[in-house]
Amino acid sequence: QGVAKWAADMGITCFCRRIAAWDGETAGKRECLFEVKEGLPALKTDICRGELDGASLPTGGLCDVTHAFVEVKWQGALPFVKDGCLVLPSVAETEGYAVDERTFLLRSCVAVKKQAERILSILGENAQVTCIAGFEQEYYLQKKACDGRHYCKRPEGVAALWRLTEQKLAEMGIAVQSQHCEGGKSQYELVLQPMLMPEACDANVTANQVLQEVLGQCDFSEKPYINDCGSGKHNNWSLQTERNLLGKTSDARQQAVRAVFIAAAAMAAQYADLLCFGGASFANDLRLGEMEAPCRGITPLREEGLQRFLKEGKLGEDIVWKQYPQCRDRTAALAVVGDRLEFRLPGANCSPYRSGTFFNAAMAAALRQLADRLNAKDVYREASCAAKQAFEQKMQPPYSAEQYATRITNYADLLSELAVFRKEELYALSRAHLNFYRKDKQLFERKVVLAAEDFLKTKNQLRKAARTDFWRRRKEV
């Protein structure tokens with residue numbers, strides 16, 4: 001009632017419970033914020049629950065025509081006003097199964113929180129842990145070409161559009177950290193302020209919609225041009241109590257805690273299938289391994305402090321935390337950057353909910369594995385040994401997005417134990433993404449054929465025109 005009254009006081013007359021569908025799109029329906037009671041308009045008493053027709057949602061078989069009822073719930077997520085409508089980021093389920101991506105993300109945040117608090121308890125701390133994320137969104141803007149340098153002069157008119165974008169996002173409660181030119185010609189980047197992970201994903205989706213509305217002709221494709229940089233969606237991830245657990249500090253004890261959590265991040269490379277599926281798509285397969293893009297596999301973390309920790313198994317005040325220069329190398333899919341982990345593998349058009357869910361799942365699995373090994377007597381030695389063993393494991397070869405969609409079913413038991421997915425949900429998600437991959441592949445092949453036909457048609461037209469011109473000039477001579 002408080003949110004409805006807040007919106008009504010601003011002159012808003014409708015609301016929408018927005019869900020994140022499995023194909024990366026958002027879905028919902030606009031409803032009137034008022035109802036008629038005793039012949040007079042009054043605010044609706046319950047805007048938290050509603051229903052959708054699930055037959056049109058991509059659910060991998062969980063919803064069909066005979067079981068199409070989908071219950072939609074708003075659980076108190078940060079609301080905002082867009083296009084004169086109160087938007088409530090919501091979750092959806094049918095017969096007890098989740099059919100939206102936000103539910104999986106919320107579950108994965110709980111899994112990370114639970115395992116991180118276990119480790120803190122072993123280290124002698126009792127604190128509440130939250131997941132923090134901030135997204136960097138790359139995109140191409142047609143007809144507004146920069147010269148392909150990161151901080152070059154902005155083309156005329158772009159700065160005014162950026163200011164309008166920032167203003168519109170600020171009205172929705174979304175803070176922009178920076179905007180700048182990127183490495184490709186006509187490529188730009190929008191960076192949002194870090195916030196709680198579910199809200200960060202909501203903000204990224206909304207920001208992309210605003211960019212498209214304000215700038216027009218935004219291209220969020222992962223690899224729109226063969227001979228130019230691809231576009232990614234970097235996830236800057238950290239864990240927060242009263243302090244950032246991954247933040248650099250001069251306090252020896254806090255350094256030790258940071259080292260244990262970075263060791264867990266190193267162990268997450270064992271769950272490369274989960275990490276890679278989080279950003280897998282047919283278009284992203286074309287981007288990975290190309291210009292300025294990460295490689296297709298998960299490489300070990302590179303940080304001087306971590307290397308010394310692995311070597312010595314202990315920490316002292318003399319440890320100087322510095323990163324190797326290669327840490328900013330864009331071929332690293334996962335890197336330690338200052339006070340956060342940066343996950344660079346997802347493509348620009350990837351759903352932030354999906355990439356966030358599977359990144360959290362891999363981190364929760366690694367944290368659980370590490371917590372099971374730790375004991376109060378020699379915590380740091382055990383963490384060092386666990387991370388070392390993770391590094392010594394043979395890296396798995398990279399697969400295509402189609403193969404990852406199949407391989408994640410091998411983790412059904414693990415993800416079920418972490419309470420991120422029910423097994424039926426994971427199998428359905430795998431089937432859905434196999435369909436997405438095949439449709440994207442067919443669409444791409446059709447575009448290639450059409451492009452080749454256009455090329456041949458143009459070539460024949462030019463040849464015909466040249467022949468006509470030759471005979472005309474010969475006749476004149």
Side-chain angles (χ1 to χ4, degrees), residues 1-10 12 14-22 24-31 33 43-52 54 57 70-94 97-113 128-135 137 168-176 192-210 233 235 237-240 351-360 419-421 425:
Q1 278 294 94
V3 172
K5 186 176 185 307
W6 167 73
D9 289 344
M10 293 191 294
I12 306 301
C14 60
F15 71 99
C16 171
R17 302 180 199 91
R18 189 181 76 177
I19 66 170
W22 288 2
E25 300 294 332
T26 56
K29 59 182 179 181
R30 291 172 73 111
E31 299 181 44
L33 196 57
L43 279 174
K44 282 190 174 178
T45 54
D46 184 14
I47 62 171
C48 298
R49 291 173 179 268
E51 63 178 72
L52 280 177
L57 290 175
V70 171
E71 185 179 9
V72 182
K73 301 176 186 175
W74 176 59
Q75 298 177 324
L78 193 66
F80 58 91
V81 174
K82 183 176 183 292
D83 298 331
C85 179
L86 174 65
V87 180
L88 307 173
S90 305
V91 298
E93 65 175 40
T94 178
Y97 296 113
V99 291
D100 74 299
E101 293 184 323
R102 200 174 196 278
T103 299
F104 303 140
L105 179 71
L106 292 170
R107 292 177 189 170
S108 70
C109 289
V110 172
V112 170
K113 171 185 168 66
Q128 298 287 320
V129 178
T130 54
C131 292
I132 303 295
F135 288 94
Q137 178 68 55
K168 282 183 171 288
L169 290 174
E171 289 171 357
M172 300 176 196
I174 299 171
V176 174
L192 299 179
Q193 289 283 4
M195 58 182 79
L196 292 175
M197 196 164 187
E199 279 73 28
C201 294
D202 296 336
N204 175 253
V205 170
T206 305
N208 286 3
Q209 294 172 351
V210 171
K233 190 195 300 282
N235 179 2
W237 185 92
S238 62
L239 292 173
Q240 195 90 21
S351 164
Y353 301 99
R354 176 163 61 100
S355 65
T357 295
F358 283 92
F359 182 84
N360 282 352
V420 178
F421 288 92
E425 293 168 345

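Just so you know, these numbers come straight off a predicted model, no measurement behind them.
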Report, one line per pair, each donor and acceptor closer than 3.5 Å where one atom sits in a side chain of residues 192-208; sequence neighbours left out.
| unit_1 | atom_1 | unit_2 | atom_2 | d |
| --- | --- | --- | --- | --- |
| Asp202 | OD1 | Arg102 | NE | 3.2 |
| Asp202 | OD1 | Tyr353 | OH | 2.4 |
| Asp202 | OD2 | Arg102 | NE | 3.3 |
| Asp202 | OD2 | Arg102 | NH2 | 2.7 |
| Asn204 | OD1 | Lys233 | NZ | 2.9 |
| Asn204 | ND2 | Gln137 | OE1 | 3.3 |
| Thr206 | OG1 | Arg18 | NH1 | 3.2 |
| Thr206 | OG1 | Arg18 | NH2 | 3.3 |
| Thr206 | OG1 | Asp202 | O | 2.9 |
| Asn208 | ND2 | Gln137 | OE1 | 3.3 |

Nearest heavy-atom neighbours spanning [X] and [Y]:
{"X": "Val81", "Y": "Trp6", "result": "CG2-CH2, 4.1 Å"}
{"X": "Ser355", "Y": "Pro352", "result": "OG-O, 3.3 Å"}
{"X": "Asn235", "Y": "Gly356", "result": "ND2-CA, 4.5 Å"}
{"X": "Cys109", "Y": "Asn360", "result": "SG-ND2, 3.5 Å"}
{"X": "Ile12", "Y": "Gly84", "result": "CG2-O, 3.7 Å"}
{"X": "Arg17", "Y": "Gly50", "result": "NH1-CA, 3.5 Å"}

Is the closest side-chain heavy-atom distance between [X] and [Y] below 4.5 Å?
{"X": "Val3", "Y": "Trp74", "answer": "yes"}
{"X": "Trp237", "Y": "Ile132", "answer": "no"}
{"X": "Glu93", "Y": "Thr103", "answer": "no"}
{"X": "Pro79", "Y": "Val87", "answer": "no"}
{"X": "Leu78", "Y": "Pro89", "answer": "no"}

Distance (rounded to the nearest 0.5 Å) between [X] [atom1] and [Y] [atom2]:
{"X": "Glu71", "Y": "Leu52", "atom1": "CD", "atom2": "CG", "answer": "11.0 Å"}
{"X": "Leu33", "Y": "Lys5", "atom1": "CG", "atom2": "NZ", "answer": "12.0 Å"}
{"X": "Leu88", "Y": "Cys16", "atom1": "CG", "atom2": "SG", "answer": "7.5 Å"}
{"X": "Thr94", "Y": "Asp100", "atom1": "OG1", "atom2": "CG", "answer": "12.0 Å"}
{"X": "Glu25", "Y": "Glu101", "atom1": "CD", "atom2": "CD", "answer": "10.0 Å"}

Under the rule for side chain to side chain contact (heavy atoms under 4.5 Å, CB included), what residues qualify as partners of Lys44, not counting sequence neighbours?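 Applying side chain to side chain contact (heavy atoms under 4.5 Å, CB included) to Lys44 gives Phe15, Glu31, Glu35, Ile47.
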Among residues at least two apart in sequence or on other chains, which ones pass side chain to side chain contact (heavy atoms under 4.5 Å, CB included) with Asp46?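 For Asp46, the residues satisfying side chain to side chain contact (heavy atoms under 4.5 Å, CB included) (neighbours in sequence not counted) are Cys48, Arg49.
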Who pairs with [X] by side-chain hydrogen bond (donor to acceptor under 3.5 Å, both in side chains), at least two apart in sequence or on another chain?
{"X": "Lys113", "answer": "Glu117, Gln128"}
{"X": "Glu171", "answer": "none"}
{"X": "Glu51", "answer": "none"}

So Met10 and Leu86, side-chain contact (heavy atoms from CB on, under 4.5 Å) or not? Walk me through it. CA-CA 10 Å; Met10 293 191 294; Leu86 174 65; over 6 Å; no
Please name the residue in the list Val110, Val112, Thr357 that meets the side chain to side chain contact (heavy atoms under 4.5 Å, CB included) test with Val420.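 That would be Thr357.
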Mind telling me whether Phe421 and Phe104 have parallel, tilted or perpendicular rings, with 30° and 60° as the class edges?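 Phe104 and Phe421: tilted rings.
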